[in-house]
Amino acid sequence: MHVFYFSKKKIKKIFALFLIIVGIFLLLYQFLGNYQMIPAFTYNDNRFLNKTIVIDPGHGGIDVGVIDSKGLMEKDINFKIAKFLKKLLEESGANCIITRDKDTDLSYLSNQGKTRQLQDLNARVNLINQSQADFFVSIHVNSFPKDHRIKGPMVFYYPQSKSSKNLAEVIQNRLNIEYNNIYKEEQYNKAKGESFYILKNTDCPGVIVEVGFMSNEEDYKLLNKAKFKNFIAYQIYIALGEYLQQ
């Protein structure tokens with residue numbers, strides 16, 4: 001029988017190595033547990049087949065939307081989420097239309113409205129209506145500097161559209177659950193009915209998804225991560241599948 005003897009110095013090295021390995025494991029667990037980096041699955045049934053869905057990344061070009069002092073711009077966040085959402089939907093059989101596929105506003109597509117902003121919104125409405133979409137999702141980022149405690153996703157719908165309300169509540173519920181897993185606390189925002197221009201003037205059901213508050217430190221850190229943007233797109237994708245299954 002062999003007897004192994006370890007000096008105190010060697011034991012300390014082994015113990016230190018063990019602590020490093022445990023530390024790395026815990027960091028990875030916390031990081032991976034906070035949000036899914038890669039989609040767990042995609043719908044392989046026909047729920048998206050023959051469905052036309054418009055994805056609208058808000059703002060663009062000269063219209064940056066919300067911007068922070070370090071240069072993080074809403075228009076870029078919106079676009080990255082929208083592009084990944086479009087990819088997921090197309091892979092599941094949907095006919096997915098994106099209102100802008102580059103960094104530009106859409107005011108040049110419309111002469112209706114006295115301001116560039118109204119022309120931009122009108123152009124988005126026209127694109128959605130002309131597409132004869134089953135529904136649309138407009139991606140935005142929120143901000144409320146007067147109260148930095150306010151955080152989390154908020155989904156808006158047109159109050160007179162029952163289908164839009166249903167869609168908004170499904171997305172809101174899905175995002176609430178997943179954000180709370182990250183926050184490690186219960187924070188439940190409610191879907192809200194509003195008469196925003198794009199909601200009021202479109203023919204099909206649709207929602208505006210405000211994916212978080214740049215004015216909140218916790219949301220800001222999340223929205224600054226590339227993989228978290230994919231996570232948001234994935235959760236919206238899952239919610240759209242749940243909506244179509246009803």
Side-chain angles (χ1 to χ4, degrees), residues 35 43 47-48 51-59 65-66 74 77-82 84-86 88-89 92 94-99 121 124-125 127-129 131-144 150-183 186-214 216 219 222-223 228-246:
Y35 54 88
Y43 292 110
R47 71 186 67 194
F48 287 107
K51 298 295 182 183
T52 297
I53 303 168
V54 175
I55 306 302
D56 174 45
H59 306 285
V66 180
E74 178 188 354
I77 297 172
N78 298 341
F79 187 65
K80 288 174 183 176
I81 293 171
F84 191 60
L85 177 57
K86 180 176 183 287
L88 290 169
L89 290 168
S92 295
N95 172 33
C96 197
I97 299 168
I98 194 165
T99 56
L121 290 171
R124 294 172 196 267
V125 166
L127 286 170
I128 293 169
N129 289 341
S131 72
Q132 297 183 324
D134 291 278
F135 56 84
F136 73 89
V137 178
S138 186
I139 308 294
H140 285 263
V141 179
N142 228 328
S143 181
F144 193 63
I150 298 176
K151 62 182 180 180
M154 296 183 71
V155 186
F156 296 94
Y157 61 91
Y158 187 53
Q160 296 182 25
S161 172
K162 291 183 179 180
S163 297
S164 296
K165 181 180 180 182
N166 186 19
L167 175 60
E169 289 175 343
V170 171
I171 297 174
Q172 184 73 68
N173 181 63
R174 163 62 56 177
L175 292 177
N176 281 346
I177 292 170
E178 296 303 326
Y179 271 63
N180 284 343
N181 288 335
I182 298 167
Y183 293 147
E186 291 189 0
Q187 162 108 7
Y188 291 102
N189 293 332
K190 292 183 179 180
K192 294 185 178 181
E194 294 286 352
S195 296
F196 296 138
Y197 187 92
I198 197 169
L199 299 176
K200 184 178 180 180
N201 292 282
T202 40
D203 298 332
C204 64
V207 295
I208 295 174
V209 181
E210 301 272 3
V211 298
F213 283 79
M214 277 179 62
N216 174 267
D219 278 4
L222 291 172
L223 293 169
F228 184 74
K229 298 180 186 71
N230 287 353
F231 165 81
I232 296 170
Y234 177 63
Q235 295 306 326
I236 295 173
Y237 161 76
I238 294 298
L240 296 181
E242 294 171 344
Y243 168 76
L244 289 174
Q245 195 176 30
Q246 293 180 342

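The structure displayed is predicted, hence computed values, not measured ones.
- The environment of Q246 atom CD is dense: over 12 non-hydrogen atoms of other residues, nucleotides or ligands sit within 6.0 angstrom.
- Side-chain atoms of I53 and F48, non-hydrogen and from C-beta on, do get closer than 4.5 Å to each other.
- Side-chain atoms of D219 and Y183 form a donor-acceptor pair, as typed in the model, at a separation below 3.5 Å.
- Under the ring pair (Phe, Tyr, Trp, His ring centres under 6.0 Å) criterion, F135 pairs with Y243, not counting sequence neighbours.
- Note: H59 and H140 have perpendicular aromatic rings, judged against thresholds of 30 and 60 degrees for the angle between ring planes.
- The two atoms that bring E178 and F231 nearest to each other are CB-CZ, 3.6 Å, heavy atoms only.
- Side chains of I97 and L127 form no contact here, defined as non-hydrogen atoms less than 4.5 Å apart.
- Between E210 and F156, some side-chain heavy-atom pair lies under the 4.5 Å cut-off.
- Looking only at side-chain heavy atoms (C-beta outward), Y179 and I232 come within less than 4.5 Å of each other.
- A heavy-atom distance below 4.5 Å is not found between the side chains of I198 and Y158.
- Summarising the local packing, NZ of K165 is surrounded by 12 or fewer heavy atoms from other residues, nucleotides or ligands at distances under 6.0 Å.
- You'll find the side chain of F228 reaches within 4.5 Å of the side chain of I182, heavy atoms only.
- Taking the six-membered ring where tryptophan is involved, the planes of Y237 and Y43 are tilted, since the angle between them lies from 30° to 60°.
- Heavy-atom neighbours of Q160 CD from other residues, nucleotides or ligands within 6.0 Å: at or below the threshold of 12.
- A heavy-atom distance below 4.5 Å is found between the side chains of N180 and Y188.
- In this structure, the side chains of N173 and E242 stay at 4.5 Å or more apart for every pair of heavy atoms.
- Under 3.5 Å, the side chains of N176 and Q172 contain a donor-acceptor pair of N or O atoms.
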